[in-house]
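Take a look at the structure below.
Positions are given from 1, in the same order as the sequence printed here. Order of appearance sets the numbers: ligands from 1, and atoms from 1 within every ligand.
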Amino acid sequence: MSGPAPIEWNDSIATGVTEIDEQHRILVNTLNDANARMADDIGLEFVEQITQDLLSYALYHFETEEELMQKYGYGDASGADAEQHLQQHRSFSGKVVAVRDNLRAGIPIKRADLIGFLNGWLINHILNTDMKLAAFIKAKRGGG
Ligand SMILES: [Fe+2]
């Protein structure tokens with residue numbers, strides 16, 4: 001059964017900040033695993049499980065990034081970028097919760113739409129938003 005392609009980890013999505021990349025790899029694996037298993041089972045119980053797993057790890061990951069922002073003074077140096085970054089984290093969490101609540105209320109989501117959103121969000125966020133933060137952190141560490 002074909003479906004959305006898995007995310008392939010490669011250097012173009014590596015930020016170069018070790019702890020961020022390690023967590024991104026886990027997020028990518030979580031999404032790919034959900035994508036692979038979803039071909040056979042897209043029941044409510046399954047979606048509850050993946051939204052739970054994904055959300056708890058994503059929240060932990062967002063916390064790690066937000067602690068790094070604090071530690072290196074990202075908000076002071078680059079307020080608009082920091083604000084936009086935090087907003088994207090909140091909106092991702094909100095969307096995952098909304099999908100789960102919709103499913104609970106009997107409003108289904110297609111597998112391609114769910115995986116498309118999740119994969120698309122992660123790649124976009126990494127390439128556009130985390131890369132900016134990573135460049136800032138690396139400059140701070142390099143110059144430290
Ligand atoms: Fe982020």
Notebook entry, point to check: List-wise, which protein N, O or S atoms are found short of 2.8 Å from the Fe ion (ligand 1)?
Noted result: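 Listed by chain and number, the nearby protein N, O or S atoms are Glu65 OE1, His85 NE2, His89 NE2, His125 NE2, Asp130 OD1.
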
Next item on the list: Quick one: do Leu133 and Glu65 satisfy side chain to side chain contact (heavy atoms under 4.5 Å, CB included)? Show the steps, please.
Entry: CA-CA 9 Å; Leu133 172 63; Glu65 285 187 358; 4.2 Å; yes

Next item on the list: Calculate, to the nearest 0.5 Å, the distance between atoms CG and OG1 belonging to Asp130 and Thr15 respectively.
Entry: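 Asp130 atom CG to Thr15 atom OG1 measures 7.0 Å (nearest 0.5 Å).
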
Check: Using the ring of each side chain (for Trp, its six-membered ring), is Trp121 parallel, tilted or perpendicular to Phe92, with breaks at 30° and 60°?
Finding: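 Because their plane-to-plane angle lies in the 30° to 60° range, the rings of Trp121 and Phe92 count as tilted.
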
Notebook entry, point to check: Taking only residues two or more places apart in sequence, or in another chain, which ones meet Ala14 in a side chain to side chain contact (heavy atoms under 4.5 Å, CB included)?
Noted result: Trp9, Asp21

Next item on the list: Identify, with sequence neighbours excluded, every residue that meets side chain to side chain contact (heavy atoms under 4.5 Å, CB included) alongside Ala82.
Entry: Tyr74

Notebook entry, point to check: Do any pairs count as a salt bridge (Lys or Arg N to Asp or Glu O under 4.0 Å) and have a residue in residues 67-90, sequence neighbours left out, and if so which ones?
Noted result: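 Sorted result for residues 67-90: Glu66-Arg90, Asp81-Lys132.
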
